[in-house]
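Read through the structure below, which is laid out as structure tokens, and then see the notes.
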Amino acid sequence: IHHAQEFENRFWTIFSVLLSTALFFAKDSPIAFGRWSPSLGFLGILFSAYLMHLWDRHAHRLELSRQVTLRRNATNTSSLNRLQALGIPVEAQLARINSCLASIDQLLIPSTINNFINLRFVMRKEREIISVFEECDARALNYLIG
């Protein structure tokens, strides 16, 4: 799913480049300021493409963070209470996973570029997330995943 979103983001970014090129440089365009100042037109293209890139990433993040409205019963709370009573630090493990994900996920840099630039850091954080899952017993893993 992540690769599909990246490809969709690239599509909309390229589409924005092509559309803004036509808008800023076409003879019959109402905002063809690129014909009088090519450098300003080029900067306008870069700005609109980056703005589209950021907007698509933001829309995807909103979609991922949207809460699913399923009926939840009291078993989730009682399951958490039972795990805490057994001494299993589920909330601490969840906090570790969230902190690793927050440090990997950059707001302004696409993940493709971030993985290329910060490969060792990303791999270390991914190993840390995997180690959290490996340390869990079956009940804690079910709670973390579910």
Side-chain angles (χ1 to χ4, degrees), residues 1-26 29 31 33-34 37-146:
I1 292 176
H2 176 73
H3 291 299
Q5 196 280 327
E6 286 289 327
F7 293 142
E8 181 181 345
N9 185 272
R10 290 176 190 154
F11 167 79
W12 286 115
T13 304
I14 291 170
F15 180 79
S16 173
V17 166
L18 296 175
L19 180 66
S20 60
T21 300
L23 285 174
F24 299 154
F25 287 99
S29 174
I31 53 172
F33 60 84
S37 175
S39 59
L40 191 59
F42 181 72
L43 288 175
I45 290 170
L46 290 178
F47 178 74
S48 64
Y50 191 64
L51 193 64
M52 175 57 80
H53 170 77
L54 289 179
W55 179 80
D56 187 57
R57 283 175 53 92
H58 176 71
H60 182 68
R61 285 172 191 235
L62 287 178
E63 184 66 27
L64 286 177
S65 65
R66 186 174 50 94
Q67 293 290 329
V68 178
T69 54
L70 297 175
R71 282 185 56 197
R72 296 208 176 234
N73 51 19
T75 59
N76 288 340
T77 306
S78 64
S79 174
L80 177 61
N81 291 337
R82 279 194 312 262
L83 289 172
Q84 287 176 342
L86 292 173
I88 300 173
V90 178
E91 290 180 337
Q93 292 168 334
L94 190 58
R96 271 182 61 196
I97 292 170
N98 284 334
S99 92
C100 288
L101 289 175
S103 64
I104 290 174
D105 191 24
Q106 301 291 324
L107 183 62
L108 300 176
I109 302 173
S111 61
T112 307
I113 295 173
N114 188 33
N115 289 343
F116 182 70
I117 295 172
N118 300 320
L119 183 62
R120 289 183 188 168
F121 177 75
V122 170
M123 294 298 288
R124 186 177 19 170
K125 290 298 180 179
E126 287 177 354
R127 279 192 298 272
E128 187 175 341
I129 291 171
I130 291 170
S131 72
V132 169
F133 287 126
E134 288 175 344
E135 293 168 2
C136 293
D137 65 346
R139 290 173 293 191
L141 188 60
N142 283 337
Y143 182 81
L144 288 175
I145 294 175

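Contact check for Phe24 versus Leu40: no side-chain heavy atoms found under the 4.5 Å cut-off. Using a 4.5 Å cut-off on side-chain heavy atoms (C-beta onward), Glu128 and Arg124 make no contact.
A salt bridge links Arg96 and Glu135; the closest N-O separation between the charged side-chain nitrogens and carboxylate oxygens is under 4.0 Å.
The distance from the CG atom of Leu119 to the CD atom of Glu126 is 8.5 Å, given to the nearest 0.5 Å. Taken from CD in Gln5 to CZ in Arg61, the straight-line distance is 9.0 Å, to the nearest 0.5 Å. Met52 CE to Phe47 CZ: the interatomic distance, rounded to the nearest 0.5 Å, is 12.0 Å. In this structure, His60 NE2 and Glu6 CD are separated by 8.5 Å, a value rounded to the nearest 0.5 Å. Between Phe15 atom CZ and Thr13 atom OG1 the span is 11.5 Å, to the nearest 0.5 Å. Here the CD1 atom belonging to Ile104 is positioned 10.0 Å from the CG atom belonging to Asn118, to the nearest 0.5 angstrom.
More than 12 heavy atoms of other shown residues, nucleotides or ligands fall within 6.0 angstrom of atom CZ in Phe33. Atom CZ of Phe42 is surrounded by 12 or fewer heavy atoms from other residues, nucleotides or ligands within 6.0 Å.
Every residue was checked against the side chain to side chain donor-acceptor pair (under 3.5 Å) condition with Asn98, not counting sequence neighbours, and none meets it. Take Arg10 and apply the side chain to side chain donor-acceptor pair (under 3.5 Å) test, not counting sequence neighbours, and it matches Thr112.
Residues Trp12 and Asp56 come closest through the heavy atom pair CD1-OD1, 4.0 Å. In plain terms, the two heavy atoms of Val17 and Thr21 that are nearest each other are O-OG1, 2.6 Å.
No donor-acceptor distance shorter than 3.5 angstrom exists from the side chain of Ser29 to the backbone of Ala26, with no hydrogens or angles considered.
Applying the side-chain hydrogen bond (donor to acceptor under 3.5 Å, both in side chains) rule to pairs touching residues 41-53 yields Asn9-His53, Ser20-Ser48, sequence neighbours excluded.
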